[in-house]
Amino acid sequence: MSRLVISGNEAVALGVKLSRVQVVAAYPITPQTAIVEKIAEYVEKGELRAEFIRVESEHSAMAACIGAAAGGARAFTATSSQGLLYMSEMVFWAGGARLPIVMAVVTRALAPPWSIWCDHNDALSQRDSGWVQLWAESVQEVLDMTIQAFRVAEDEEVLLPVMVCLDGFILSHAYEPADIPEQSAVDSFLPEKKPAPYWLDPSKPAAYCTIAAPDTYMEFRYEMYRAMKNAERVIKEVDEEWCRLTGRSYGGLVDCYRCDDAEVAILLCGAWAGDAKEAVDILRRKGVKAGVVRLRATRPFPTEDLRAVVEGMDALAVVDRSLSPGLPSILWSEVRAALYDSVKRVYVKGFIAGLGGRDVTPGDFIRIVHSTLEGFRRGEPGEVEWIGLRGGESGHH
Amino acid sequence: MVTIKELTREEYWLPGNSSCPGCPAALGLRMLGKALEGKFVLVVPASCTTVIQGIYPATPSRVPLLNIAFAASASAASGLRAALRIRGLKVPVVVWAGDGGTADIGLQALSGAAERNEDILYICYDNEAYQNTGIQRSGATPYGAWTTTTPLGKREHKKDVPMIVAAHGVPYVATASIAYPLDFVEKVRKAASKSGFRYIHLHAPCPVGWRFPPSKTVEVGRLAVETGMWILYEIEDGVLRLTGRSRVLLDPSKRKPIEEYLRAQGRFSHLDERDVEELKRYVEARWRELKKLLEERGGCLR
Ligand SMILES: Cc1ncc(C[n+]2csc(CCOP(=O)(O)OP(=O)(O)O)c2C)c(N)n1
Ligand code: SF4
Ligand SMILES: [Mg+2]
C-alpha cells in the first residue's frame, strides 16, 4: 500500500486501473475530462490492458459500454451534466438490460444558463434508470467506491449498472492524501471479470433486448426492482468486506456522523457533508445535539436504514443541491416519503442550496439547523427554504 | 462468383417470424445468414427488424443478437467488438440497421465508428422510409415518393449514405440489392474477409411502404437496378467498380426507362411529368458522375 496526494478525478482513474477494467468508452466534458485523460494515459503506457474507444458522443459512450458489457467485458465510462443527459436513453438501456457497467458522474449543473459548477440535478435526473447511485464524500472514498462499484454491479444477485457520483470541482479537483491499495489486494477483492450469466456467446446464440409483450414486460421490470432491493444488502456486505481488507468502512448505504444521541440532523449526499460535519462540531460545542446523515446511496434509497437512524430525533434538515420545479426538491420529497410510515414521524424541513456551485459554508449549515429546530418548535410545515438566495425568497434577484 | 448451389441449405433466420409477406428485411437476413453460415454476431437498432423477430421469448435468429436503441448500433457494435477481441474471438460483428437508423438518427454514431475504422461490418437495409413506425420519410427516401409525412411527395433527393461512408476512407463500401442475392452474398463474404470498417448498403423494396403487391419485391428490386435508379458497385480501398447488372448500364441506352420502376409502385403514382423529369435528371447526373470517375480516374475516389 502506498499513500499519495491525488485528486478525486485521479482517484476514479486509479480505481478503474486497479479494477482491471477491460473496455473504456468516453467523451470529454468538464469537470470529468481528467478521468478519461488519465485512463487514456494508463492504456497508452500499457499500465492498464484495456480497449479505449474514443467515441464521438456520450450517447455512443454508453452504447459502446453496453455492447462491451453484453460481450462479457468489464466496462467503464465517465461523464457530467449535459453529457449525462445526452446519453440518457442509453443510461436507461443499460439499466433495463441489467449490464454491470460502472460510470463516474462528476456532478455539474445543467444548462441553461451554462454552468460548469457543482449541482446534483444531473445525476438525480437519472434516478429511475435502474442504476445504483452511490455518492462519495472524500477522495479516498471515491477511490474505494469505484472499486466497490464493480463488485456491487457484478454481483449475480444485483447485475445492475452503478454510478459513482462525485461533486464537480469540490471533489473532482480537490487534492487529498489517499491510501492506494495493492493490486494484489484489489485482485483478491474483485476477481477478474467473468462474463455475466448471459452474454453474446457465439457458441450459445440468444437474442437480447427483444420485444416483451404486456404479458412479460412487467416481470422484467420486477426483476430489476428486486435486483435493486438486493443491492441494499450487497452494498453493505461489500463495504464490510472492504473494511476487513483495508480497515476502511463508510457505513453501507448511510454514513451517520454524531447521530447516536442527536436531536436534529442534516441529511444530504455528496462532498459538502464535510462542511455539514464541521457545522455539527461547532453546534455540539454550543450544546446543540446535532448530527449528519449522509446518503451514500440514493438508489437503492435506504428507506429502512434511514428510519432506524432518525428514530428518536426531533427534526431533520434535508439539504438538496437539486431542484424539481413544482415539487420542489428531490431528496426532500424522497426522505419524507420514506419516513411517512415511521412509528414516530420526525419533523422534516427542506432546504435548497448550492445550485450551480453557489458556495455553502459551515455557517450556512448552522443556520439550516437553527431554522429546522425553530420550525419544529413552532410546529410549522416543513416546507422548502432557499439558502443564500440574493435578496431572499421574496426579493429581487 | 458464388452460385446458389454452393450456398448452405441451413437457415439462420428462421421462417415463422413476424415479417410481412414479401418482406425484404427477412429476405436479406436470410441471405446474410447463409453468406456467413451463421458465424457472426448481430446488432440491430429499432426498426422493422426489431419487430419481425417476434415477441419474447421467441426469436428467429440462430446467431447471437443484441437489440439496441435507434441511434446506437454502430457504437454498441464497437463496444461489442472490443469485448470479443478481449476474449480472443474473431467472429464478425454485423450491424443490421434500417435507413432511418443509418442515414438519419444513427449517422453520427456510424460516422464515428467509420472514422475510427472500427472492425465491424455495417449493413443498412434500405427500404427508403421509417417503415416500422408507419411509412414516414427518411433521409434515404427518394425524391417524389409518397410517405405519411410527405403526402404530396418528398421534395428532396435521397441522401447518398454509401458515398458519405466512403468519404471516411474505410476499407470497403458496397451497394447491393435483395433482388441480386448472389451479388449481395459475395459482397458480404468479401467484406467479412477484410478487417476495419466495412459498409454495405442493401436496397430493400418494401411492399407495404412502397405500395406494390408482396409477390413483387424482387421484381421491383430488379427494376430499380435495371432503370439505373439503384446502382450496384463496390469500393475497395478507395477504388470504385460497378458490379453485377450495373456493369453494363453505363451506356444510358441499356437502361430501362425509369417510368417502369415508378409505375410498379403506388408511392410514385401521384408524380407529374415535371417530377419524373426531375428524377430522370438526377439519375442521369449520378451516372454521368460515375462514368467520369471510372473513365478519367479508374474509379479512384481518393
Ligand atoms: C430515439 C427514438 N426515436 C424514435 C423511435 C421510433 N422508431 C422506431 S423504429 C423507427 C423507424 C425505423 O426506420 P428505419 O431505420 O428506416 O427502419 P425500418 O423500420 O424502415 O426497417 C422509429 C422512428 C425510437 N425507437 N427511438
Ligand atoms: S413494413 Fe416492409 S420492411 Fe417492414 S416488415 Fe413489413 S415488408 Fe418488411
Ligand atoms: Mg427504413
Side-chain angles (χ1 to χ4, degrees), chain A residues 21-25 27 49-75 77 87-94 96-97 99 101 193 195 198-217 219-220, chain B residues 12 18 38-46 49-87 89-93 95 105-116 118 120:
Chain A
V21 165
Q22 295 165 311
V23 177
V24 178
Y27 193 77
R49 280 188 40 212
E51 299 267 343
F52 191 108
I53 309 176
R54 291 149 181 93
V55 285
E56 80 303 324
S57 75
E58 289 88 353
H59 194 278
S60 286
M62 187 48 66
C65 285
I66 287 168
R74 186 173 283 159
T77 188
M87 71 164 60
S88 178
E89 181 189 22
M90 305 320 292
V91 171
F92 277 71
W93 194 283
L99 295 168
I101 298 160
K193 177 82 172 73
Y198 305 102
W199 66 288
L200 278 117
D201 184 348
S203 65
K204 288 195 205 102
Y208 293 93
C209 309
T210 54
I211 297 176
D215 65 342
T216 56
Y217 183 89
E219 283 69 23
F220 279 101
Chain B
Y12 297 96
S18 311
K39 290 185 196 69
F40 60 109
V41 178
L42 264 180
V43 177
V44 175
T49 303
T50 318
V51 178
I52 69 180
Q53 289 170 57
I55 286 178
Y56 173 85
T59 175
S61 177
R62 285 185 58 206
V63 302
L65 190 162
L66 178 65
N67 287 288
I68 198 73
F70 201 11
S73 52
S75 29
S78 305
L80 178 56
R81 172 79 278 160
L84 296 180
R85 192 155 45 225
I86 287 163
R87 308 216 98 76
L89 296 170
K90 293 211 166 76
V91 47
V93 173
V95 171
I105 198 166
L107 187 64
Q108 172 179 304
L110 165 64
S111 171
E115 182 268 335
R116 294 191 304 274
E118 294 284 352
I120 58 180

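By convention in this document, chain letters (A, B, ...) are assigned in the order of the sequence lines, proteins followed by strands, and residues within each chain are numbered from 1. Just the heavy atoms: all of them, side chains too, but no hydrogens, waters or symmetry mates, feed the values below.
- Proximity to chain A (any heavy atom under 4.5 Å) is shown, for B:Arg81, by neither the backbone nor the side chain.
- Residue contact with chain A, scored on non-hydrogen atoms closer than 4.5 Å, involves the backbone and the side chain of B:Val51 alike.
- Both the backbone and the side chain of B:Ala82 come within less than 4.5 Å of a heavy atom in chain A.
- For B:Ala71, the side chain to side chain contact (heavy atoms under 4.5 Å, CB included) criterion is met by A:His59, B:Ile105, not counting sequence neighbours.
- Only the side chain of B:Leu89 comes within less than 4.5 Å of a heavy atom of chain A; its backbone N, CA, C and O stay farther away.
- Looking at B:Val41, only its side chain comes within 4.5 Å of chain A, counting heavy atoms on both sides.
- Of the two parts of B:Thr59, only the side chain, counted from C-beta on, holds a non-hydrogen atom closer than 4.5 Å to a non-hydrogen atom of chain A.
- Both the backbone and the side chain of A:Ala213 come within contact range of chain B, each with at least one heavy atom under 4.5 Å from a heavy atom of that chain.
- Between A:Ile53 and A:Val24 there is no side-chain heavy-atom pair separated by less than 4.5 Å.
- Remark: side-chain polar atoms of B:Arg62 are not paired, donor with acceptor, to backbone N or O of B:Pro60 under 3.5 angstrom.
- In this structure the side chain of A:Met62 reaches within 4.5 angstrom of the side chain of A:Ile101, judged on heavy atoms.
- Residues of residues 107-115 of chain B placed with any heavy atom under 4.5 Å of a heavy atom in chain A are listed by number as B:Gln108, B:Ala109, B:Gly112.
- For A:Glu58, there are no salt bridge (Lys or Arg N to Asp or Glu O under 4.0 Å) partners, not counting sequence neighbours.
- For B:Thr49, the side chain to side chain donor-acceptor pair (under 3.5 Å) partners are B:Trp96, B:Tyr125, not counting sequence neighbours.
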